A.B. asks: 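Shown below is the structure under consideration.
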Amino acid sequence: MIPATVSQLLAKARKLRTHLLFAQFGSSYFTTARLSNQISKPHEKNILLMGPPGAGKTCVGRIVGQKLGMPVIDIDDDVLERTWGISVADKLSEIGGDGFIEEEGKAVCNFSATGSVVSLTGSNPLHPDAMQHLKRTGVVLYLDVDTEDIMQRLSRMKVNRIVGQDAGVSMREILQYRKQFYEKWLDARVLCGTGDSVEDVADKVLRTLGRYEDSESEMFISTRSQKSNDPKFFSDVVIEGLAPDGGLYVPKKGFPKLEPSEWLRISSMPYAMRAVAILENCIHPMDVSPVELSTMVHHAYGQNFANKSAAPLKHLSDNQYILELFHGPTASFKDLALQLMPQLFAHCLPQMCNYLILVATSGDTGSAVLNGFRNLKDSDRERIGVLVFFPEKGVSEIQKLQMTGFQEGNAKSISVLSDFDFCQRSIKRMFGDSSLIGHLAVEYGTVLSTANSINWARLLPQVVYHCSAYLDLHRNRTLTFGDPIDVCIPTGNFGNAMSALYAKQMGIPIRKVICASNHNCIISDFIASGEYDLRNRKLLVSNSPAIDILKSSNLERFIHHVSDGDGNLVKDLFLNLERERFFKVSETLQQKINLEVQAGWCSEDDCLRAIREVHTTTGYIMDTHTAVGKVVADRIHDKTCPLVICSTAHHGKFAPAVLKALQCQNIPQDPVEQLDELCTIGGREQMHEALVKCMRDSGNYPHKICHADFNKLADEVETMVQDSFLRVH
């Protein structure tokens, strides 16, 4: 349990954050972020419908107003034309576009209403003063309508009162230009599916409002409880990481399910916009506003990724596709979460606390966490430290060099003379050590958190790329939306597999998730037998170290998922695992498990053989983890639908094993020379330039090695806090 000192510290910090938000944004921040009073007390605030010309704002406003019993105001007809005494079209013709926006803004700034549904003009958002005035009166809902639908409506309407039409600019260019202003002013997005009618859009407006009235839909619970007496929201679980009872946080009501028409709309978007559209449905704007979320997402998936698609899908052979998740700065799939997660963490951070992020890694997470938190602004880095523990003999040399190169400021890595499971177990134990947590809180004002996939903000961004892979298959006409796919994932801690199941819950037609293990095959054994047995099982070193894991943390979320949220069952199973190193699920539950997932494992020889055979037949070089997935997929998949194999790391990170698989003679010892050799074999287009640069820039940095002793790791944590943060007293 979290000691009282930490609970009090967090409570004070949240209260201070509330005061700061109120001071910065005023009461409108809370009325637009938590809209619970918006429907129950409609007379107090306006519902402002914003969108481009042809979005149907006027018609939608009438329907919404009728259903809510609220007055309806159309800015064009009820404000502008009454103020000017002439039609909007005549005014635009008389004074031109620039003059029109200014005059329109003045009229709107003099407009006053409460408790109404207000349909804005398409050009209102181009006038900052007018929009600030309007936002103070209520909540701005952006009707994000498909451009093709708008073009069809405008062609039927023959509209002649749109600012910019007289300048010889095409309507598509006008719509594209204005989008930036709509994105700037929205409080909530109403994502309209391709072909949605105005009635469909009106229903979505009402659902958007209703989402905020039902606060429980945004709450999180522990996997080990049936309910929570202490309400937890997104900002809480991001900061806390692990639940006080030792469980993992999950949304109380699961994931929202998007309609097929909405997925079709998202399909046409680039990766960053897909991420925004999906994550807005999963993160309440009280925690992260849509404008802030969009800024974070575009920062995360912009210049940090070598491929503009961030997670491109490539055809391998037959009906198999490779989802390349290694184009981020540290060359693994962890970047897709950890370029965004630190920004979310810093945003949710209470003002009064310092935080030390503890990370256990089997190789890839460590460098991705260190890189992600390094990219935060200075004021955030001063309050956030990162300490990574990794197994000294359980990562590749290149992975080790990536981590040990970060030894500056509030970030460093320490190797441990044990395996990943010991590192992860020790961190979880620290979270439950009331003496340690209380001491750090009282002496240094510092709270522990984590960036492993037990943290919800680490897992959530991974849902996006599974959705995106399916949408790419639809966009390139491999399938029609609704057709199923299977997904094969190299699996250790089960976070990647779990995020695929969450994508399925959101409406992506994933039929089966195939979990691929190396010879540390506890996951595949469990899925086959229903028994999770750690007794007499030792972790074996492999060529795919990122999945060298025996105690899979996110399996707890999976069992919670397939047991329909039975927190008592999850608690009993995992407490038994702690005590007895064993549990067995019922036959009924195992049947449910087998409906969702399949599993298999791959030997070391088969892994290397797959790398060689795929390169021989296609010229494509897989890393060792992707090869594990390929081998298991070839054995299990029935070939009746497309199969997406997640390529979780670039092959250069495991150069010696890959070069061995490709039968390279005299493998170099130097990592840079190893990468050069791979470049010679596969060509420059298959090399990861950021990884090459990292190796060329890396020196032989000394790093601390710690014995496998919990107390010694705890001492390292306190030393890190002492070095990073001043004492409270």
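What you see is a predicted model; the values in this text were computed from it and never measured.
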A.B. asks: Which class fits the ring pair Tyr532 and Phe526: parallel under 30°, tilted 30 to 60°, perpendicular over 60°?
C.D. replies: perpendicular
A.B. asks: Under 3.5 Å, side chain of Glu292 to main-chain N/O of Ser289, donor-acceptor pair present?
C.D. replies: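 It does hold such a pair.
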A.B. asks: Take the angle between the ring planes of Tyr301 and Tyr271 and call it parallel below 30°, perpendicular above 60°, tilted in between.
C.D. replies: perpendicular
A.B. asks: Which heavy-atom pair separates Gly495 from Asn554 by the least distance, and what is that distance?
C.D. replies: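 Nearest heavy atoms, Gly495 then Asn554: CA-ND2, 3.5 Å.
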A.B. asks: Which one of Ser367, Ser332, Pro329 satisfies the side-chain contact (heavy atoms from CB on, under 4.5 Å) criterion with Gln402?
C.D. replies: Ser367
A.B. asks: Do you know the tightest heavy-atom contact between Arg458 and Ala337?
C.D. replies: O-CB, 3.2 Å
A.B. asks: Report yes if the side chains of Phe710 and Arg429 come closer than 4.5 Å at any heavy-atom pair, otherwise no.
C.D. replies: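 In contact.
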A.B. asks: Could you check if a side-chain atom of Asn410 sits within less than 4.5 angstrom of a side-chain atom of Phe373, using non-hydrogen atoms only?
C.D. replies: no
A.B. asks: Can any side-chain N or O of Asn354 pair as donor or acceptor with the backbone N or O of Thr446 at less than 3.5 Å?
C.D. replies: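 No; zero donor-acceptor contacts below 3.5 Å.
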A.B. asks: Glu716 and Lys704: salt bridge (Lys or Arg N to Asp or Glu O under 4.0 Å), yes or no, with the steps?
C.D. replies: CA-CA 10 Å; Glu716 292 295 338; Lys704 190 158 192 175; 2.9 Å; yes
A.B. asks: Does a donor on one side chain sit under 3.5 Å from an acceptor on the other, for Thr330 and Asn371?
C.D. replies: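 On atom types as modelled, these side chains do not qualify, holding no pair under 3.5 Å.
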A.B. asks: Ignoring hydrogens and geometry, is there a side-chain-to-backbone donor-acceptor pair from Ser724 to Met720 under 3.5 Å?
C.D. replies: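 Present.
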A.B. asks: Mark yes or no for whether Ser544, through its side chain, and Ile547, through its backbone, hold a donor-acceptor pair below 3.5 Å.
C.D. replies: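 Judged by distance alone, no pair lies under 3.5 Å.
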A.B. asks: With side chains defined as the heavy atoms from C-beta onward, is the minimum distance between Asp236 and Tyr249 less than 4.5 Å?
C.D. replies: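 Of all side-chain heavy-atom pairs linking Tyr249 with Asp236, none is under 4.5 Å.
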A.B. asks: Can you find a side-chain donor-acceptor pair between Gln424 and Ser553 that sits under 3.5 Å?
C.D. replies: yes
A.B. asks: Do you know the tightest heavy-atom contact between Ser449 and Gly241?
C.D. replies: OG-N, 4.1 Å
A.B. asks: Keeping Ser563 on the side-chain end and Ile559 on the backbone end, is there a donor-acceptor pair under 3.5 Å?
C.D. replies: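 Indeed, once roles are kept as given, a pair shorter than 3.5 Å links the two residues.
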A.B. asks: Determine, for Glu596 against Lys504, whether the closest basic-nitrogen to carboxylate-oxygen distance falls under 4.0 angstrom.
C.D. replies: yes
A.B. asks: Ignoring hydrogens and geometry, is there a side-chain-to-backbone donor-acceptor pair from Ser552 to Asn493 under 3.5 Å?
C.D. replies: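 Looks like yes, one N/O pair under 3.5 Å.
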A.B. asks: Test side-chain contact (heavy atoms from CB on, under 4.5 Å) on Leu448 and Phe431 and set out the steps.
C.D. replies: CA-CA 7 Å; Leu448 300 181; Phe431 278 96; 4.1 Å; yes
A.B. asks: Quiz question: by atom type and distance under 3.5 Å, do the side chains of Ser362 and Asp548 form a donor-acceptor pair?
C.D. replies: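 Side chains of Ser362 and Asp548: no pair found under 3.5 Å.
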A.B. asks: Does some side-chain heavy atom of His466 sit less than 4.5 Å from a side-chain heavy atom of Ser499?
C.D. replies: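 Yes; the side chains approach each other to less than 4.5 Å.
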A.B. asks: Using modelled atom types and a 3.5 Å cut-off, is there a donor and acceptor pairing between side-chain atoms of Thr719 and backbone atoms of Asp715?
C.D. replies: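 Yes: the side chain of Thr719 pairs with the backbone of Asp715.
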A.B. asks: Would you call Ser225 and Asp245 a side-chain contact if the rule is heavy atoms closer than 4.5 Å?
C.D. replies: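 Heavy-atom side-chain distance check passes, below 4.5 Å.
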A.B. asks: Please confirm whether the backbone N or O of Ile705 pairs with a side-chain atom of Glu392, one donor and one acceptor, at under 3.5 Å?
C.D. replies: no
A.B. asks: Would you verify whether the NZ or CZ of Arg383 falls within 45 degrees of the ring axis of Phe725 while also being under 6.0 Å from that six-membered ring's centre?
C.D. replies: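 Geometry flag: not set, cation outside 6.0 Å or 45°.
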A.B. asks: Taking Thr295 for its side chain and Val291 for its backbone only, find out whether a donor-acceptor pair lies under 3.5 Å.
C.D. replies: yes
A.B. asks: Decide yes or no on side-chain contact (heavy atoms from CB on, under 4.5 Å) for Arg224 and Leu575, but give the supporting numbers first.
C.D. replies: CA-CA 10 Å; Arg224 300 187 184 185; Leu575 287 179; 4.0 Å; yes
A.B. asks: Which pair of non-hydrogen atoms, one from Cys282 and one from Met506, has the smallest distance, and what is that distance?
C.D. replies: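 Reported closest heavy-atom pair: SG-CE, 3.9 Å.
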A.B. asks: When the ring centroid of Phe326 is compared with that of Phe333, is the distance short of 6.0 Å?
C.D. replies: no
A.B. asks: Can you find a side-chain donor-acceptor pair between Asn455 and Thr450 that sits under 3.5 Å?
C.D. replies: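 No, no side-chain donor-acceptor pair sits under 3.5 Å.
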A.B. asks: Do we see a donor-acceptor contact under 3.5 Å between the side chains of Tyr502 and Gln462?
C.D. replies: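 Judged by distance alone, the side chains do not pair up.
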A.B. asks: With a 3.5 Å cut-off and no angle check, do the side chains of His439 and Glu718 form a donor-acceptor pair?
C.D. replies: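 There is such a pair between these side chains.
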A.B. asks: Carefully, step by step, assess Trp456 and Val238 under the rule side-chain contact (heavy atoms from CB on, under 4.5 Å).
C.D. replies: CA-CA 6 Å; Trp456 186 251; Val238 170; 5.7 Å; no
A.B. asks: Between Phe389 and Phe420, does the ring centroid distance fall short of 6.0 Å?
C.D. replies: no
A.B. asks: Just do the side-chain contact (heavy atoms from CB on, under 4.5 Å) check on Thr491 and Asn496 with the steps written out, would you?
C.D. replies: CA-CA 7 Å; Thr491 306; Asn496 205 353; over 6 Å; no
A.B. asks: Do Val597 and Leu501 touch side chain to side chain, with heavy atoms closer than 4.5 Å?
C.D. replies: yes
A.B. asks: Check the pair Glu218, Arg211 against salt bridge (Lys or Arg N to Asp or Glu O under 4.0 Å), reporting the backbone distance first and the verdict last.
C.D. replies: CA-CA 8 Å; Glu218 304 296 320; Arg211 173 193 175 197; 2.9 Å; yes
A.B. asks: I want to check something: taking the side chain as every heavy atom from C-beta on, are Leu460 and Phe234 in contact at a cut-off of under 4.5 Å?
C.D. replies: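 Yes, close enough: below the 4.5 Å cut-off.
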A.B. asks: Testing the basics here: between Asn576 and Phe582, what is the closest heavy-atom pair and its distance to 0.1 Å?
C.D. replies: ND2-O, 2.6 Å
A.B. asks: Does NZ belonging to Lys571 count more than 12 external heavy atoms closer than 6.0 Å?
C.D. replies: no
A.B. asks: Got a donor-acceptor contact below 3.5 angstrom from the Ser413 side chain to the Met403 backbone?
C.D. replies: yes
A.B. asks: Side chains of Arg557 and Thr223: donor-acceptor distance under 3.5 Å anywhere?
C.D. replies: no
A.B. asks: To check you understand the geometry: which heavy-atom pair defines the closest contact between Leu325 and Ala311, and what is its length?
C.D. replies: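 Residues Leu325 and Ala311, closest heavy atoms: CD2-CB, 3.8 Å.
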A.B. asks: Checking side-chain polar atoms at under 3.5 Å, does Gln399 have a donor or acceptor matched by the opposite partner on Asp364?
C.D. replies: yes
A.B. asks: Would you say that Leu340 contacts Met296 through its side chain, given a criterion of any heavy-atom pair below 4.5 Å between the two side chains?
C.D. replies: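 SC-SC contact between Leu340 and Met296 confirmed.
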